[in-house]
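In what follows, a single structure is set out as structure tokens and then discussed.
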Amino acid sequence: MSDSNPKNDPFSNAEKDPDDWTTGDEPMTGAQASYLKTLSEEAGEPFDEQLTKADASKRIDSLQEKTGRGR
């Protein structure tokens, strides 16, 4: 039995580049769409409902930076 516990090393795979996601080219999730719409409104930016999961993730990161959310 291994002493390895993923909770002891939370950053080992906690954040993967969206470009490397195997499902990154699928449509964004409902949760992503909802949050992205909110962020877009707060930032005064257009909301693109056609984004993929990976592109939505990148857009969320960008809008969080712009609005100061997610910190």
Side-chain angles (χ1 to χ4, degrees):
M1 184 169 175
S2 172
D3 289 337
S4 177
N5 182 341
K7 291 182 180 180
N8 293 336
D9 189 13
F11 302 107
S12 63
N13 67 350
E15 194 165 321
K16 190 173 183 181
D17 185 336
D19 290 329
D20 296 332
W21 294 356
T22 58
T23 61
D25 60 346
E26 293 178 2
M28 73 176 125
T29 66
Q32 282 179 309
S34 177
Y35 188 46
L36 190 52
K37 187 166 177 63
T38 298
L39 287 172
S40 296
E41 290 170 357
E42 287 182 8
E45 298 277 338
F47 170 69
D48 182 356
E49 61 188 45
Q50 301 299 317
L51 294 177
T52 64
K53 283 182 186 179
D55 288 338
S57 178
K58 293 177 201 174
R59 183 74 174 139
I60 287 169
D61 288 345
S62 172
L63 290 175
Q64 282 180 327
E65 189 72 30
K66 184 172 183 177
T67 62
R69 279 184 165 243
R71 294 186 186 174

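For the numbers below, each heavy atom of this structure counts, side chains included, while hydrogens, waters and symmetry mates do not.
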Got a sec, which residues hit side chain to side chain contact (heavy atoms under 4.5 Å, CB included) with [X], two or more places apart in sequence or on another chain?
| X | answer |
| --- | --- |
| Asp25 | none |
| Thr38 | Glu42, Arg69 |
| Ala33 | Met28, Phe47 |

Worksheet item: Roughly how far, to the nearest 0.5 Å, is the CD atom of Gln64 from the CG atom of Leu36?
Response: 10.0 Å

Item to complete: Measure the spacing between OG1 of Thr52 and NZ of Lys58 and express it to the nearest 0.5 Å.
Response: 7.0 Å

Discussion item. Among residues at least two apart in sequence or on other chains, which ones pass salt bridge (Lys or Arg N to Asp or Glu O under 4.0 Å) with Glu26?
Written reply: Lys53

Worksheet item: Where is the tightest heavy-atom contact between Ser57 and Gln32, given as atom of each residue plus distance?
Response: N-NE2, 3.7 Å

Fill in: Lys66 to Ala43 - nearest heavy-atom pair and separation
NZ-O, 3.6 Å

Worksheet, complete the sentence: side chain to side chain donor-acceptor pair (under 3.5 Å) filter on Ser40, not counting sequence neighbours, yields none

Fill in: Counterpart residues, side chain to side chain donor-acceptor pair (under 3.5 Å), relative to Lys37 (two or more places apart)
none

